[in-house]
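See below for the structure under consideration.
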2 protein chains.
Amino acid sequence: MITTAQLFKAISDQNRIRILNMLKERILCVCEIRTILGLANSTVSQHLRILKENGFIEESKDGKWVNYSLNIKSSDYRIIELLSLIPTFIKEEEEKIFQTDLRRINKIDRNIICGIS
Amino acid sequence: MITTAQLFKAISDQNRIRILNMLKERILCVCEIRTILGLANSTVSQHLRILKENGFIEESKDGKWVNYSLNIKSSDYRIIELLSLIPTFIKEEEEKIFQTDLRRINKIDRNIICGIS
DNA sequence: ATTACATTTCGGTAAATAACGAAATGGAAA
DNA sequence: TTTCCATTTCGTTATTTACCGAAATGTAAT
C-alpha cells in the first residue's frame, strides 16, 4: 500500500504537476511532454515512471509511441480525489504557466516535433 | 504565493503527516511531538517550521512552551482542503501508526515528559 | 535483415532533504 | 541577575532527488 506521504511526494514536483495538468487536456507521448517542459527525454520518462508507479497515470503502447493518460478509473479513492483537486489548486495559483502549457499542447503534432528539437 | 507542488512537498513526509494527524487531536508542543515520533528536538522543530511556513499550522507562545495547532482558519482554500482530506487519506491507509500516535498523545503530559526522555 | 526512431535504462553529478548533536535564544522561576 | 528549561539555529553528514547524455530496448518501415 502506498502511504499518503508517498502519494504527496509523487506530486510534489512542479514538472509532474504540469504533466498532470497537460494530461487532463489529452493523451500525450513522452516527446510531446518533453517539448513543452524543455527537459531531456530521459528526465520526462523518469517523471512519468514516478506518476505511474504511484497510480496517477496509465500507459498504453501504440507502435513506437507510448501514450500516457490520467488514471481516472483508479480504485484508490485518494488518487481520484487528488486528480480532481489539482486543477482547482492550480487555478488558485497565480501562475500562468499551466494555461500556457495547454495552449502549446493543442498546437503541437508529435509527428512533426519528435526527433527534431 | 506558494505553488501547488510546494504545498504537496510540505506534506510529503511521513513524520509531518503524523504531526498533522496528532494536531487534529489537540494542541501540542515540540517536546510532546518529539516523544511520540522519537526524533531529536531540532528535527521536530524543522518539521514544524516547514508546516508553518507553508500555512498548515500556527504557533502561539505560552511562556517557555510553544504550542502548535492546525491552521483551520487559513484563507488559502488549498490548505483547508488538504487539512480535511488528510484524515480520510490516512484512514484509507492500512497503517496503524496514526491511531497509535493518537492513543499515546492522550496519555502523555508535557510537564512530566519534557526534559526526561 | 537493416535502418529509423520513440522510449527506457544506466551511470554520473549537483542540489535538496532529513537527521543529529552542540551552541544560541528567550521566557520563568529562584 | 542567575539559573533552568523549551525551543530554535547552526554545522555536519548520509540519503534522496532531478537532471543530463550515452547506451540499450523494442517496434515499424524500408
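All chains are named by letter (A, B, ...) in the order of the sequence lines, taking the proteins before the strands, and each is independently numbered beginning at 1. Here the structure is a predicted model, which is why all the values come from computation and not from measurement.
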One should read off an interatomic distance between A:L70 CG and A:E25 CD, to the nearest 0.5 angstrom, of 11.0 Å

Inset, instruction - For residues A:N106 and A:R26, determine if any side-chain heavy atom of one lies less than 4.5 Å from a side-chain heavy atom of the other. - result: yes

Taking A:L37 as the starting point, is it possible to reach A:L20 by hopping between hydrophobic residues whose side chains are less than 4.5 Å apart? yes

In 5'-to-3' order, the base (B), backbone-only (S) or no-contact (-) status of each nucleotide in nucleotides 12-22 of chain D, using a 4.0 angstrom heavy-atom cut-off, is -----SSSBBB

C:dT8 phosphate, OP1 or OP2, under 4.0 Å from A:Y68 side-chain N/O
yes

Is there a path of hydrophobic side-chain contacts, each under 4.5 Å between heavy atoms of I, L, V, M, F, W or Y residues, that connects A:W65 with A:I105?
no

When rounded to whole Å, the CD to C1' distance for the pair A:E59 and D:dT25 reads 14 Å

note: A:E32, atom CD; C:dT7, atom C1'; distance rounded to Å ~ 13 Å

To the nearest angstrom, the CD1-C1' distance between B:I113 and D:dT7 comes to 16 Å

Of D:dA6, C:dT9, C:dT8, the nucleotide closest to the side chain of B:W65 is D:dA6

In whole angstroms, the gap separating P of C:dT17 from CG of B:L48 amounts to 17 Å

From CD1 of A:I19 across to P of C:dT7 the rounded distance in Å is 13 Å

B:I33 atom CD1 is separated from C:dA19 atom C1', nearest whole Å, by 17 Å

Notebook entry, point to check: Does a side chain donor of either B:N54 or B:R78 reach within less than 3.5 Å of an acceptor in the other side chain?
Noted result: no

When rounded to whole Å, the CD to P distance for the pair A:Q14 and C:dA16 reads 15 Å

When hydrophobic residues are tied together by side-chain contacts of less than 4.5 Å, even through go-betweens, does A:I27 share a cluster with A:V30? no

Whole-Å distance, B:L51 CG to D:dT7 C1', equals 16 Å

